[in-house]
Amino acid sequence: MDNNSISQVLADVAVLMQAKGENVFKVRAHSKASDQIKSLSYPISDIADDADKLGDIPGFGAGIIDIVQELARTGRLGLFEELSEELPDGVLELVQIPGIGPKIAVTAANDLGISTYEQLAASIESGDFQRLPRISKKGAAQILRHVKMRVDQGKRIGIGPATQAASDVIAELRDRCPEITQIEVVGSVRRSAELIGDINIVCAVANSDESETVIDAFTTLSNVHEVQSHDEQTAEFTDRTGFGYSVTVVTDDAFAGALVYGTGSVSHGQQLEKLAIEQGLELTRFGLLDSDGSVVAGQSEEELYKRLGLEPVAPEIRENTGELELAAKQALPQTITLGDIRGDLHSHTNWSDGRYPMEDMVAAAQERGLEYLAITDHSPSATVANGLKPDMLLAHNTAVREMAESSGMPLLTGTEMDIKPDGSLDYSDELLADLDIVIASIHSGMEQDSSTMTQRVIDAMESPHVDVICHLTARLLGKRAPVEIDIDAVLEAAVRTGTVMEINASPDRIDLRADHVRKAVDLGVIFAINTDSHRVLQFDNMRFGVNTAIRGWVEPNRVINTLHYAELMAFLALPKSERYAFNESRG
DNA sequence: GCCGTTTTCGGCCCGACTGTTTTCAGTCG
């Protein structure tokens with residue numbers, strides 16, 4: 001079993017224990033072990049036979065070691081099965097909803113027989129759920145928002161886990177089939193959509209008689225639960241959770257066409273098909289074909305678009321939302337790339353809720369070729385996240401300056417400061433004035449109504465010290481619905497006050513939707529693309545933020561962390577009222 | 001359940017808020 005699966009079982013055990021009313025510290029021990037496994041940099045199954053090595057992991061004692069060994073050896077856990085047996089169905093699903101914890105989940109299941117999101121939504125709508133103890137009308141209304149989001153989402157999963165699942169399948173397939181010459185994920189994963197309904201893979205072999213080997217391997221991959229269909233060139237299966245995977249195998253000369261066919265949205269594809277027909281060609285899932293059915297050879301994706309009279313279109317924007325008209329006029333925007341990013345302006349260390357010391361985070365950022373990094377630990381109101389009290393912030397500033405000195409990497413002193421429920425800020429102006437960068441965000445009072453929430457954020461933007469608003473909607477992709485807020489009003493206020501908007505790169509957040517970003521681009525908003533890293537590996541998430549920016553048609557000069565360090569510091573040294581004009585003057 | 005040790009058991013994350021209710025469950029990263 002991989003780390004994520006083992007970590008998930010431990011997290012589920014913690015929830016079920018809590019639902020059962022077990023000692024909170026026992027619960028926490030399992031939950032901590034789950035976190036610990038998730039942040040390991042190697043597969044824990046590699047050391048599962050070595051109890052001593054397992055014991056070296058902080059928080060691992062005899063009990064946790066037994067659990068990990070049982071899972072690694074058998075893929076199952078007796079304790080989990082016993083707990084599942086003891087507790088009503090649906091607890092693990094219901095606790096995913098913000099506002100519902102293990103206790104309420106058990107009560108809802110026992111008293112009202114609720115075990116699915118659909119049943120929960122129906123129960124709230126009929127008013128039954130609100131009659132449970134400690135559930136208010138207002139609370140139930142908020143829960144309904146989150147539940148409806150879950151119901152709408154269905155079986156779709158977030159882009160983060162979907163990307164991981166796709167690369168796992170590709171790695172296993174490559175390993176089993178040396179015949180594969182080219183392989184790529186297509187569909188919504190390649191477009192970097194937020195939610196993914198299934199995973200589509202295209203691969204190429206040198207000779208068509210090799211494709212059957214690939215199909216055989218694909219339909220017997222380790223996560224195959226049920227094969228839905230297969231022929232010589234295509235196959236589909238679902239995994240244990242009912243999530244679907246498909247593969248199309250083509251020969252090398254048809255690979256680019258298959259990529260084009262498989263990547264764009266349905267309506268993007270239809271437009272391309274029309275253009276192909278106009279030229280006497282046919283675009284199929286096996287590539288671009290001539291009138292006699294033979295593959296139009298010698299092509300890359302770029303050449304294919306050109307053949308259709310179009311400028312090549314980045315995979316992320318193949319949605320038929322205006323890109324084809326611009327491509328026909330050779331007038332597509334030059335969207336940002338990962339290589340344009342020079343620094344990260346949002347990161348956490350173990351001074352607050354990050355998992356790693358400052359030096360590890362700085363080293364990880366350096367390894368990834370970043371030119372500079374802002375260390376932005378939490379402010380006092382974020383108590384659970386161990387937010388820094390004023391004296392600790394001063395010590396933090398000193399530590400950051402010393403670290404910059406010793407590491408040789410330019411670092412920005414900073415904070416991720418809470419915007420309190422009344423719109424006031426968590427540090428004094430005096431403290432804020434001393435920081436290189438202040439990024440501000442909502443972490444509490446997330447159920448406020450839209451006008452209160454909107455005003456709260458705009459109040460914070462009016463501060464001369466608040467440089468960036470981060471993860472504006474506070475949504476967690478597929479888990480927590482966005483806060484209710486007037487996005488247009490906030491974006492307009494950003495331009496008016498000279499405030500930068502963050503595009504949060506965490507694949508769990510994808511906080512601003514692509515259409516919000518595109519709207520912001522039209523309004524002239526400036527962005528920062530930040531990883532919000534709490535762990536060293538999370539710096540690798542930057543690509544998800546960049547992909548979101550591409551989907552929003554963001555060009556590199558609209559993003560402040562494409563600036564070199566000295567330019568960025570010059571930008572931040574200006575009064576906010578002059579910053580947008582400064583950015584306009586960039587080449 | 002883990003930890004650190006005073007090697008056997010007490011302490012474990014320091015809070016502030018909401019909503020409901022009068023002691024607590026849940027949330028915020």
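FYI, side chains are in, hydrogens and waters are out, and symmetry mates aren't considered; it's all heavy atoms of this structure. A note on names: the letters A, B, ... follow the listed sequences, proteins ahead of strands, and every chain is numbered from 1.
Between B:dC14 and B:dT22, the distance separating the two P atoms is 25 Å to the nearest Å. One P atom belongs to B:dC17, the other to B:dG1, and the distance between them is 35 Å to the nearest Å. Rounded to whole Å, the separation between the C1' atoms of B:dT23 and B:dT18 comes to 15 Å. B:dG29 and B:dG19: their C1' atoms are spaced 22 Å apart (whole Å). Between B:dG26 and B:dT21, the distance separating the two C1' atoms is 15 Å to the nearest Å. For the C1' atoms, the distance from B:dG15 to B:dC9 is 28 Å, rounded to whole Å. With both ends at atom P, the span from B:dA25 to B:dG10 equals 24 Å, rounded to whole Å. Taking atom C1' in both B:dT8 and B:dG4, the straight-line distance is 11 Å, to the nearest Å.
Proximity of A:Leu120 to A:Ile143: side-chain heavy atoms (C-beta onward) are separated by under 4.5 Å at one or more points. Side-chain contact between A:His443 and A:His378: present, with at least one pair of heavy atoms (C-beta onward) separated by less than 4.5 Å.
At a cut-off of 3.5 Å, with distance as the only test, a side-chain donor of A:Ser7 or A:Ser34 sits close to an acceptor on the other residue.
For A:His443, the listed nucleotide lying nearest its side chain is B:dC28; candidates were B:dG1, B:dC28, B:dA25. Picking from B:dA25, B:dG29, B:dG1 the nucleotide with the shortest atom distance to the side chain of A:Ile104 gives B:dA25. Closest contact between the side chain of A:Arg480 and the listed nucleotides B:dC28, B:dC12, B:dG26 involves B:dC28. The side chain of A:His534 lies closest to B:dG29, out of B:dG29, B:dC2, B:dC13. Of the listed nucleotides (B:dG1, B:dC14, B:dG26), B:dG26 has the atom at the smallest distance from the side chain of A:Pro102. Distance from the side chain of A:Asn386 is smallest for B:dC14 among the nucleotides B:dC14, B:dC12, B:dC28.
Within the 4.0 angstrom heavy-atom criterion, only backbone atoms of the sugar-phosphate kind lie near A:His378; the bases stay farther away. Using a 4.0 Å heavy-atom criterion, one finds that A:Ala62 contacts the sugar-phosphate atoms exclusively. Base engagement by A:Lys389 is indicated by at least one non-hydrogen atom pair under 4.0 Å involving a base atom. Heavy atoms of A:Leu79 sit nowhere under 4.0 angstrom from any nucleic acid atom.
Within the 4.0 Å cut-off from OP1 or OP2 of B:dG29, not a single side-chain nitrogen or oxygen of A:Arg535 is found. A close approach under 4.0 Å does not occur between any side-chain nitrogen or oxygen of A:Arg355 and OP1 or OP2 of B:dG29. A close approach under 4.0 Å does not occur between any side-chain nitrogen or oxygen of A:Arg28 and OP1 or OP2 of B:dG11.
Atom CZ in A:Phe60 sits roughly 15 Å away from atom P in B:dG4 (whole-Å rounding). Between A:Lys26 atom NZ and B:dC12 atom C1' there is a gap of 15 Å when expressed in whole angstrom units. Straight-line distance from the CH2 atom of A:Trp351 to the P atom of B:dC14: 21 Å, rounded to whole Å. Atoms CD (A:Gln96) and P (B:dT27) sit 11 Å apart, rounded to a whole Å. What separates CD1 of A:Ile100 from C1' of B:dT18 is a distance of 16 Å, to the nearest Å. Note: CG (A:Asp66) to P (B:dC2) measures 9 Å, nearest angstrom. Whole-Å rounding puts the A:His471 NE2 to B:dC28 P distance at 11 Å. For the pair A:Leu476 CG and B:dT27 P, the interatomic distance rounds to 12 Å; values are reported in whole Å.
The CE atom of A:Met361 lies 15.0 Å from the CH2 atom of A:Trp351; values are rounded to the nearest 0.5 Å. Distance CG/A:Asn547 to CD1/A:Ile510: 8.0 Å, rounded to 0.5 Å. The CG atom of A:Asp532 sits 6.5 Å away from the OG atom of A:Ser506 when rounded to the nearest 0.5 Å. Remark: A:Tyr565 OH to A:Leu411 CG distance equals 8.0 Å, nearest 0.5 Å.
Of the residues near DNA chain B, A:Pro98 and A:Gly55, the one whose nearest nucleotide (by heavy atom distance) lies more toward the 5' end is A:Gly55. Mapped onto DNA chain B by nearest heavy atom, A:Ile64 and A:Gly139 fall at different nucleotides, with A:Ile64 at the one closer to the 5' end.
Pair assignment for B:dG15: B:dC28, on the basis of Watson-Crick or G-U wobble contacts that are both within less than 3.5 Å. Remark: B:dC3 base-pairs with B:dG10. Criterion, Watson-Crick or G-U wobble with two distances under 3.5 Å.
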